[in-house]
Asker: 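Right, I'll just put the structure down here and ask away after.
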Amino acid sequence: MTETTVRVPLRDDARRLAGMVVAMVVGMLLLGPLWRAGAERLGGTDVLARADVGALVMATDMGLGMAAWMWHRGHGWAATAEMVAVMYVPFLLLLPPWWAGLVGDDALMLGGHLLMLPAMALVALRHRHAHPAPGRRHPVAAAVARRWPTGLAVLMTVDLWVAPTVFSPWTLLVLPAGYLLIGTWRRQWGDRRNLAWQLAGLAGWGGLAAGALLGPDGLAGVLVGLGWLGHAAWDLAHHRTGRVVPRGYAEWCGVLDVAVGLTTLLAVLSG
């Protein structure tokens, strides 16, 4: 794999760095549940709960996500190796003070991430003139790339299928609020009917949240689950029209809503 030297605007640097950060988060979301499931089966839950082990596991998850993304984008091996090393170095610098009892668990995790971001920026600047030369993508990879909102929603809800939970009724208010905030930012209220529908949605999910808060626990969980599933239909309608929110957001939100709604109902049935 080769790279060519070109002049790259700082805006492109920021975009590439943002993509790497997303890849790190995806790596943690995808691999985190696998570590926990493996630890439970092997009886290593206490070991995984240690801050030093957790930090290195997290660095591994982020590094694998980073490496996969940089390979997909066609970055050279030197740049990829340096960026993956950045996931580990901040934690390795802070582990000796942690082992000596000079810093606590929170300081280890927070300090590692705070040191990681400028280190990533330095590596990105070091290779900023190396333009990646991606190879031809496999049709499956291309299809996954086109459906990235769905993939992101699935990764974000992996834990819910492993350990279903009943979400708070207050979360129902987040669903219409997201549309109102994004629609305002995108200046979508020129057609007052759009705003009227969003306010009606806010009233509807607000009433559902109130019913869940005032009802018994079992009924509350059912109402919350149905509320999330109902919002998936709302997402589908907006995805078809392309109004108020971008289609990518509607797709992501719809898949997320289905997963949360179904796992909430599963939690109620198994409770």
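What's counted below: heavy atoms across the whole structure, side chains too, no hydrogens, waters or symmetry copies.
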Asker: Could you see if V89 belongs to whatever hydrophobic cluster contains M116? Use Ile, Leu, Val, Met, Phe, Trp, Tyr and a side-chain cutoff under 4.5 Å.
Answerer: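 Per the 4.5 Å side-chain linkage, V89 and M116 are not co-clustered.
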
Asker: Please tell me if the side chains of L114 and L110 come closer than 4.5 Å, counting only heavy atoms from C-beta onward.
Answerer: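 Yes; the side chains approach each other to less than 4.5 Å.
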
Asker: For a 4.5 angstrom cut-off between non-hydrogen side-chain atoms, does M109 reach F91?
Answerer: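 They are in side-chain contact.
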
Asker: Do you know which two heavy atoms are closest between L48 and A39, and how far apart they sit?
Answerer: CD2-CB, 3.8 Å

Asker: Could you verify whether a donor N or O on one side chain and an acceptor N or O on the other, from D105 and W98, lie under 3.5 Å apart?
Answerer: yes

Asker: Please check if the side chain of Q188 supplies one atom and the backbone of G183 the other of a donor-acceptor pair under 3.5 Å.
Answerer: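 Such a contact is absent between Q188 side chain and G183 backbone.
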
Asker: Which heavy atom of A232 sits nearest to which heavy atom of G254, and what is that distance?
Answerer: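 Taking every non-hydrogen atom into account, CB-O, 3.8 Å.
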
Asker: For R247, I'd like to know if atom CZ has over 12 heavy atoms of other residues, nucleotides or ligands within 6.0 Å.
Answerer: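 Counting neighbours around CZ of R247, more than 12 heavy atoms of other residues, nucleotides or ligands fall under 6.0 Å, so yes.
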
Asker: With a 4.5 Å cut-off on side-chain heavy-atom distances among I, L, V, M, F, W and Y, is there a chain of contacts connecting V26 to L160?
Answerer: yes

Asker: Give the intermediate values and the outcome of side-chain contact (heavy atoms from CB on, under 4.5 Å) for residues M58 and H113.
Answerer: CA-CA 11 Å; M58 184 180 297; H113 285 91; 3.3 Å; yes

Asker: Under a 3.5 Å threshold, yes or no: a donor from one side chain and an acceptor from the other, between W234 and D257?
Answerer: no

Asker: Any donor-acceptor pair under 3.5 Å linking the side chain of R186 with the backbone of V244?
Answerer: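 Pair found, side chain donor or acceptor close to backbone of V244.
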
Asker: Distance only, no hydrogens: is a donor on one side chain within 3.5 Å (strictly under) of an acceptor on the other, for H238 and E251?
Answerer: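 There is no such pair (donor and acceptor under 3.5 Å, judged by atom type) between the side chains of H238 and E251.
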
Asker: Are the side chains of V224 and L208 in touch, meaning some heavy atoms are under 4.5 Å apart?
Answerer: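 No, too far: nothing below the 4.5 Å cut-off.
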
Asker: Report yes or no: does H231 contribute a side-chain atom to a donor-acceptor pair with the main-chain N or O of G227 at less than 3.5 Å?
Answerer: no

Asker: Measuring from M83:CE to R126:CZ, what's the distance to the nearest 0.5 Å?
Answerer: 11.0 Å

Asker: Grab the two heavy atoms, one from A23 and one from W69, that are nearest each other, plus how far apart they are.
Answerer: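 Heavy atoms only, the tightest pair is CB-CB, 3.4 Å.
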
Asker: Tell me, yes or no, whether the heavy-atom count around W161 atom CH2, taken from other residues, nucleotides or ligands under 6.0 Å, exceeds 12.
Answerer: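 Enclosed: over 12 neighbouring heavy atoms sit under 6.0 Å from CH2 of W161.
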
Asker: Is it possible for you to say whether V255 and L30 belong to one hydrophobic cluster, with membership spreading through side-chain heavy-atom contacts below 4.5 Å?
Answerer: no

Asker: Taking the side chain as every heavy atom from C-beta outward, state whether L172 and W228 have any pair of such atoms under 4.5 Å apart.
Answerer: yes

Asker: Tell me, do L31 and L64 make a side-chain contact under 4.5 Å, heavy atoms counted?
Answerer: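 In contact.
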
Asker: What's the shortest heavy-atom distance between L173 and P176, and which atoms?
Answerer: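 Closest approach of L173 to P176: O-CD, 3.4 Å.
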
Asker: Any chance you could measure Y249, atom OH, to I182, atom CD1, to the nearest 0.5 Å?
Answerer: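 Y249 OH to I182 CD1: 4.0 Å, rounded to 0.5 Å.
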
Asker: V166 and A267: which non-hydrogen atoms are nearest, and at how many Å?
Answerer: CG2-CB, 3.8 Å

Asker: Got M66 and M120 here, is their nearest side-chain heavy-atom distance under 4.5 Å?
Answerer: yes

Asker: Determine whether V86 and L122 make a side-chain contact, defined as any pair of heavy atoms from C-beta on separated by less than 4.5 Å.
Answerer: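 Answer no - side chains too far apart.
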
Asker: Go through the steps for V222 and T264 under the test side-chain contact (heavy atoms from CB on, under 4.5 Å), then give the verdict.
Answerer: CA-CA 8 Å; V222 172; T264 297; over 6 Å; no

Asker: Scan side-chain atoms only and decide if Y179 and D235 contain a donor-acceptor pair under the 3.5 Å cut-off.
Answerer: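 Present: a donor and an acceptor within the cut-off.
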
Asker: I'd like to know if L236 and V260 are part of one continuous hydrophobic network [Ile/Leu/Val/Met/Phe/Trp/Tyr, side-chain heavy atoms within less than 4.5 Å].
Answerer: no

Asker: Roughly how far, to the nearest 0.5 Å, is CG of L195 from OG1 of T184?
Answerer: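 Going from OG1 on T184 over to CG on L195, the span is 7.5 Å.
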
Asker: Is W189 close to L180 at the side-chain level, that is, under 4.5 Å between some pair of heavy atoms?
Answerer: yes

Asker: Please name the pair of heavy atoms, one in G111 and one in L94, separated by the smallest distance, quoted to 0.1 Å.
Answerer: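 That closest heavy-atom pairing would be C-CD1, 3.5 Å.
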
Asker: W35 and T60: side-chain donor and acceptor closer than 3.5 Å?
Answerer: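 On atom types as modelled, these side chains do not qualify, holding no pair under 3.5 Å.
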
Asker: State the CG-CG distance between L95 and L56, to the nearest 0.5 angstrom.
Answerer: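 Reported to 0.5 Å precision, the distance equals 5.5 Å.
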
Asker: With clusters defined by side-chain heavy atoms of hydrophobic residues (ILVMFWY) lying less than 4.5 Å apart, directly or transitively, does L226 cluster with W205?
Answerer: no

